[in-house]
Amino acid sequence: MIHINKKYVYILPNNKTLFIRSEAIEKMLKYRQNKLRSLEAGGILIGRILIENGHYIIDDVSEPMPTDKRSRYRFSRKPEGHQEYFNTIWERENGCCFYLGEWHTHPEYVPTPSSVDRKDWNRLVRLKFENDILFFVIVGIKEIKVWYGDLNEREIIELKRRDFVG
Ligand SMILES: [Zn+2]
């Protein structure tokens, strides 16, 4: 029998990889919009870039904060709470973590970015960050999809997920 390992590994266009730790996946999946009344949720992605090989890891995510605007089809993240959460992790990790992008949920099985999402992402890839790559995660009901934004090329590309067979 073929067993597909449900690891969340995505391949970048330059063949580097993004690995999302299961702790981060579980936090995001708590907000999956699998009920009619569930509202969109979101937060920031926090992680590391492995110096040896340039691969990316998302270790943790922030969760919705009271000031965020949440509705069935819209999530608007405010800085309050998310920044403090990042600072706490940053201090705990002695500065060895980065802001790596944004995540939010969609009430659809396989998520596709809305025009508002595209606009937000396009704005973000034109800003300055410590690293020149950002990730954008949308958690659908059945699938988690990841896009990556290249801050030098200012382009946004959907990443393919790698399935492990074995
Ligand atoms: Zn969206």
Novice: Is it possible for you to say whether L29 and V146 belong to one hydrophobic cluster, with membership spreading through side-chain heavy-atom contacts below 4.5 Å?
Specialist: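 Yes, L29 connects to V146 through the hydrophobic network.
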
Novice: Would you tabulate the side-chain donor-acceptor contacts of residues 125-143 under 3.5 Å, counting partners in other chains and residues two or more places apart, or write 'none'?
Specialist:
| unit_1 | atom_1 | unit_2 | atom_2 | d |
| --- | --- | --- | --- | --- |
| R126 | NH1 | N122 | O | 3.0 |
| N131 | ND2 | I133 | O | 2.7 |
| D132 | OD2 | N152 | ND2 | 3.1 |

Novice: Could you grab the distance from atom CZ of R77 to atom CH2 of W103, nearest 0.5 Å is fine?
Specialist: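 Taking CZ in R77 and CH2 in W103, the distance rounds to 11.5 Å.
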
Novice: Please list every donor-acceptor pair under 3.5 Å in which a side-chain atom of residues 107-114 meets a protein atom from a residue at least two apart or in another chain.
Specialist:
| unit_1 | atom_1 | unit_2 | atom_2 | d |
| --- | --- | --- | --- | --- |
| E108 | OE2 | H106 | ND1 | 2.8 |
| E108 | OE2 | T112 | N | 2.9 |
| S114 | OG | V116 | N | 3.4 |
| S114 | OG | D117 | N | 3.1 |
| S114 | OG | D117 | OD2 | 3.2 |

Novice: Tell me, with the steps shown, if L100 and I46 meet side-chain contact (heavy atoms from CB on, under 4.5 Å).
Specialist: CA-CA 5 Å; L100 283 185; I46 303 167; over 6 Å; no

Novice: Could you work out, with salt bridge (Lys or Arg N to Asp or Glu O under 4.0 Å) as the rule, every residue matching E153, not counting sequence neighbours?
Specialist: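 Per chain and number, E153 pairs via salt bridge (Lys or Arg N to Asp or Glu O under 4.0 Å) with no residue.
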
Novice: Taking all heavy atoms of L151 and all of R154, pick out the closest pair and write down the distance.
Specialist: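 For L151 versus R154, the nearest heavy atoms are O-CG, 3.8 Å.
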
Novice: So does E40 get a backbone contact from the side chain of R70, meaning a donor-acceptor N/O pair under 3.5 Å?
Specialist: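 Yes, R70 side chain to E40 backbone: donor-acceptor pair under 3.5 Å.
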
Novice: Could you tell me the separation between the CG atom of N15 and the NE2 atom of H55, rounded to the nearest 0.5 Å?
Specialist: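 It is 9.0 Å, given to the nearest 0.5 Å.
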
Novice: For the NZ atom on K35, are there more than 12 heavy atoms of other groups (residues, nucleotides or ligands in this structure) within a distance under 6.0 Å?
Specialist: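 No - once you tally the heavy atoms of other residues, nucleotides and ligands closer than 6.0 Å, there are 12 at most.
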
Novice: Going by atom types alone, do N87 and E91 pair a side-chain donor with an acceptor below 3.5 Å?
Specialist: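 No pair is found: no donor N or O on one side chain lies under 3.5 Å from an acceptor on the other.
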
Novice: Main chain of A41, side chain of T105: is a donor-acceptor contact present, judged purely on distance under 3.5 Å?
Specialist: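 Side chain of T105 to backbone of A41, a donor-acceptor pair under 3.5 Å: yes, one is there.
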
Novice: Do NZ/NE/NH1/NH2 and the carboxylate oxygens of R21 and D60 come within less than 4.0 Å?
Specialist: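 Looking at R21 and D60, the cut-off is not met.
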
Novice: So for atom NZ, which belongs to K78, do other residues, nucleotides or ligands contribute more than 12 heavy atoms lying within a distance under 6.0 Å?
Specialist: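 Yes.
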
Novice: Taking the side chain from Q33 and the backbone from S38, do they hold a donor-acceptor pair closer than 3.5 Å?
Specialist: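 Yes.
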
Novice: Looking only at heavy atoms, what is the nearest atom pair of Y85 and S62, with distance?
Specialist: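 Looks like CD2-CB, 3.8 Å.
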
Novice: Take R48 and Y56 through the test side-chain contact (heavy atoms from CB on, under 4.5 Å) and record every step on the way to the result.
Specialist: CA-CA 6 Å; R48 288 169 290 153; Y56 295 83; over 6 Å; no

Novice: side-chain contact (heavy atoms from CB on, under 4.5 Å) for E93 and D59? Distances and angles first, verdict last.
Specialist: CA-CA 11 Å; E93 301 298 324; D59 290 299; over 6 Å; no

Novice: I'd like to know whether R72 forms a side-chain contact (heavy atoms from CB on, under 4.5 Å) with F75, so could you lay out the CA-CA distance, the side-chain angles of the two residues, the decisive distance to 0.1 Å, and finally the verdict.
Specialist: CA-CA 8 Å; R72 179 77 182 155; F75 176 78; over 6 Å; no

Novice: Any side-chain heavy atom of F19 sitting closer than 4.5 Å to one from I58?
Specialist: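 Side chain of F19 against side chain of I58, heavy atoms only: no contact under 4.5 Å found.
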
Novice: Can you confirm if the NZ or CZ of R161 lies within 45° of the ring axis of Y8 and under 6.0 Å from the centre of its six-membered ring?
Specialist: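 The answer is yes; both the distance and angle limits are met.
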
